[in-house]
Trainee: 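I'd like to ask some things about the structure below.
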Protein chains: 2
Amino acid sequence: MSLSENQQTDTPTSIADSRRSHERLPTIQLDRLKRNILDLAKIGRNEGDRGIYRTAFSDADMEGKRWLLEKLESAGLEAISDGAANISGILPGKNPEAPRIMVGSHIDTVPCAGMLDGALGVLVGLECLQSFKEQGFEPECDLEVIAFSDEEGRFGGMFGSQALCGKITPETLHAKSDLDGMELGEAMLRQGLDPVRALEAGRDAESIQAYLELHIEQGPELETSNSQVGLVDEIAGLFKWIIRLKGEPNHAGTTPMRLRKDALMGLADFAHEIPRILEENGGERSRATIGKAQILPGSPNTVPGLVEFSLDVRDTHPDTLAELSDACRKALSAISRRRGLMFEFDVQSEIEPAPCDPRLVEVMESQARQLELNYLKMPSGAAHDAQTMSSIAPVSMIFVPSQNGVSHSPAEWTAWSDIEAGALLMKSTLTKLAQSH
Amino acid sequence: MSLSENQQTDTPTSIADSRRSHERLPTIQLDRLKRNILDLAKIGRNEGDRGIYRTAFSDADMEGKRWLLEKLESAGLEAISDGAANISGILPGKNPEAPRIMVGSHIDTVPCAGMLDGALGVLVGLECLQSFKEQGFEPECDLEVIAFSDEEGRFGGMFGSQALCGKITPETLHAKSDLDGMELGEAMLRQGLDPVRALEAGRDAESIQAYLELHIEQGPELETSNSQVGLVDEIAGLFKWIIRLKGEPNHAGTTPMRLRKDALMGLADFAHEIPRILEENGGERSRATIGKAQILPGSPNTVPGLVEFSLDVRDTHPDTLAELSDACRKALSAISRRRGLMFEFDVQSEIEPAPCDPRLVEVMESQARQLELNYLKMPSGAAHDAQTMSSIAPVSMIFVPSQNGVSHSPAEWTAWSDIEAGALLMKSTLTKLAQSH
């Protein structure tokens, strides 16, 4: 049985069915949404590992963009592509001058991806606008569904949303290259795109009244708490350090324990300080991860003389992040003194937390109640285009559960019933927002 | 100023000078010993990194062997080479049937080595026998200085001493290959040597009454304790494991701390158990080292799902090693249960501890007292040919201080005065042993 057949068997249409009797509840065509998800998933799919390979500006990514443009057009939307190769479909509103409501995500993928991730948010946006169009719904302002370029980071990530927010300059454009050294500009030129046009993709903050994004959770919390949807009220910021602890490489047989300056023991000490640092300075939404570590010289019979490791710390509040940063630095400094190590670190990235717009979250919450959904208000621990968009527009996000918390893998999945619940909540929220002036 | 000029400036001849008045104190020609050390160090030396490259059966190693054969011959010794390409020089004794006394080490090196390590022990042995010859000393039994093949491990290590102890079989011979996949047999054939002849290099235990080896300490203890020589009374055994802890790779931003199965935290836990395990089950001579570790998938924003690391544990007593092994297994098992990890390990090697012969240590100690040397009785934490030789003969070792504890590096050094002290102790010990019946 294929993956799609298997997953189609657990397709309840219960939510729409059970509420047919209620007045004014939103409807979507779940079968069409499913077909679109499965069709887009064929583009860039490797039959060997069953993973999807649509890294930004690859041939498969471009094929996905063309597929999407056709879908938008055949849905009766105005399909356009901007200078950053962001793909949009517009449903005109009664007042074209009014700030528009945007909904979207991205369709590029990491290597060996699953079929949901960003694609789901784009296709849910498409389904909402297409069903509005079919149902003759007339929004007060333009509605726009958008698929942003390179969210996943072949060239650093968030390229499309950064361009739309006017954050791309000739310098940043030039600095972006992939792991093989291919420059973003070169990759765009090879696809017949003029990279300089990305500088023209910027929009005015006044032109957008809201940006909404539906995304898979990529974590275990919704599943663990038996929730159908998550209402994202904050998007975590982060700091990422590369830390080096230098000790002395010595012979494992001849160097007494008391005379060692073992860099790995410094790493172990710091790993053990993390729970204390989070308890003292952070909260339930704080995360700290040592995900990468290199031990040198890396010989079984040599005491490690150098460890280089990453530290990724996230929280939804800037003050908490600052306190966590201080506490990490103090701990590293104390450990180094105690163990006779030298300590240095480079800041690899710092991203400010982004609060979601309280009014948007409130609307989403009231719609979720009306739809009788089990929902959880939660932060987004991962970065999304919504985080970038928050610099010029009010944003909020809807999460749907990730089975086993898995993402960025062919095993990534969300039950169709949860996808339906998320899509209905998105449509309901868009309806509410598009009816107000 | 060159390294050798620099180091010649701190050459005291004080020990021999100050004791010229005493009767029957040994003498060696320190200048000749120095010249031999510096001359042999030119063979295989890379002028770029100033390291010596005489890995076993390389062209430079063979040139070293030829150089040594000439030195032995011109010293008036009987120079021979056995089937394992061990190089020996023999000073015949009054009774050629009596079990002989052997002294030696190896002249092969690790890549980018310093000039002492094994070479020092061989050249001190040569100096002792050459000065015996010149001084007309007639030992009761044959004295043999030997340089063993591949101690350092291009093909696994201890090849020459294993062959002499009769431990090489056609199977083990065939199984030995270097990191580039070159088989030992092929490497020997390329140097005009017949590998099958290594099977004929074995000697009877009855033919050897003692094996003595002088070696640099490769650790900091002699320097730290201001000792001129170390009298090795035990050679540590070891066990080496490759341990795998499996958790779950998850997104660093979306996975709450309490829902993680972080394999790196398991490694940190175990690193922190090491001091307790040594305190509870080991002693001052116990060592435990995690020298190599790989963290997977190794992405800064992914919770580590797998760590694979080495564990090298050494002690001089078999029972202690067994207790340490039990305690490590229990700790790993408890950590895995607590953290929700899976745990497995492979035993990579196990080497039994080798006690040095108490009578030999006693003779060395009485000679060290007579020479008024500052000595320290100590274990050898590193493996040496003496460990292999202990299977067929009584052994003991003399250590000389390693400056800053450094070895296997161009920075490896021992003060000439300490080298002289070690050589005088070796000659004095050989004199004592060779005079008894």
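Lettering of chains follows the sequences in order, A, B, ..., and the numbering in each one begins at 1. Hydrogens, waters and symmetry mates play no part in the numbers below; they use all other heavy atoms, side chains included.
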Trainee: Please identify, among Leu296(A), Leu264(A), Asp262(A), Leu311(A), the residue contributing the most non-hydrogen atom pairs under 4.5 Å to chain B.
Mentor: Leu264(A)

Trainee: Which atoms of Ile242(B) come close to chain A, meaning under 4.5 Å heavy atom to heavy atom: side chain ones, backbone ones, both, or neither?
Mentor: neither

Trainee: So which residue, Gly253(A), Ser299(A), Ala271(A), Ala288(A), ends up with the most heavy-atom pairs under 4.5 Å with chain B?
Mentor: Gly253(A)

Trainee: What part of Glu248(A) gets within 4.5 angstrom of chain B, counting heavy atoms only: side chain, backbone, both, or neither?
Mentor: neither

Trainee: What part of Ile290(B) lies closer than 4.5 angstrom to a heavy atom of chain A: side chain, backbone, both or neither?
Mentor: both

Trainee: Do you know the tightest heavy-atom contact between Asn250(B) and Gly405(A)?
Mentor: OD1-O, 4.4 Å

Trainee: Could you check if a side-chain atom of Met265(A) sits within less than 4.5 angstrom of a side-chain atom of His272(B), using non-hydrogen atoms only?
Mentor: yes

Trainee: Determine the minimum heavy-atom distance between Gly291(B) and Ile295(A), stating which atoms define it.
Mentor: O-CG2, 3.5 Å

Trainee: Using non-hydrogen atoms and a 4.5 Å limit, figure out which bit of Ile274(B) sits close to chain A: side chain, backbone, both or neither.
Mentor: side chain

Trainee: So which part of Thr224(A) gets closer than 4.5 Å to some heavy atom of chain B, the side chain, the backbone, both or neither?
Mentor: side chain

Trainee: For chain A, which of Arg285(B), Met378(B), Lys292(B) has the most heavy-atom pairs under 4.5 Å?
Mentor: Lys292(B)

Trainee: Measuring only between side-chain heavy atoms, which start at C-beta, is Lys240(B) closer than 4.5 Å to Asn301(A)?
Mentor: yes

Trainee: What is the minimum heavy-atom distance between Asp312(A) and Pro300(B), and which atoms define it?
Mentor: CB-O, 3.6 Å

Trainee: Could you tell me which portion of Arg260(A) (side chain, backbone, both or neither) has an atom closer than 4.5 angstrom to a non-hydrogen atom of chain B?
Mentor: side chain

Trainee: Nearest 0.5 Å, please: how far is CD in Glu217(A) from NE2 in His251(B)?
Mentor: 10.5 Å

Trainee: Counting only heavy atoms closer than 4.5 Å, note whether Ala252(B) contacts chain A via side chain, backbone, both or neither.
Mentor: both

Trainee: Can you tell me which portion of Arg287(B) sits under 4.5 Å from chain A's heavy atoms? Options are side chain, backbone, both or neither.
Mentor: both

Trainee: Is it the backbone or the side chain of Leu238(A) that comes under 4.5 Å from a heavy atom of chain B, or both, or neither?
Mentor: neither

Trainee: Do Met257(B) and Leu278(A) pass the side-chain contact (heavy atoms from CB on, under 4.5 Å) test, and can you show the C-alpha distance, the side-chain angles, and the key distance before you say yes or no?
Mentor: CA-CA 10 Å; Met257(B) 302 307 287; Leu278(A) 294 182; 3.5 Å; yes

Trainee: What part of Glu284(B) gets within 4.5 angstrom of chain A, counting heavy atoms only: side chain, backbone, both, or neither?
Mentor: side chain

Trainee: Could you walk me through whether Arg258(A) and Glu279(B) satisfy the salt bridge (Lys or Arg N to Asp or Glu O under 4.0 Å) test, starting with their C-alpha distance in whole Å, then the side-chain angles of each, then the deciding distance to 0.1 Å, before giving a yes or no?
Mentor: CA-CA 12 Å; Arg258(A) 72 194 138 74; Glu279(B) 279 165 21; over 6 Å; no

Trainee: For Thr254(A), is it the side chain, the backbone, both, or neither that has a heavy atom closer than 4.5 Å to a heavy atom of chain B?
Mentor: both

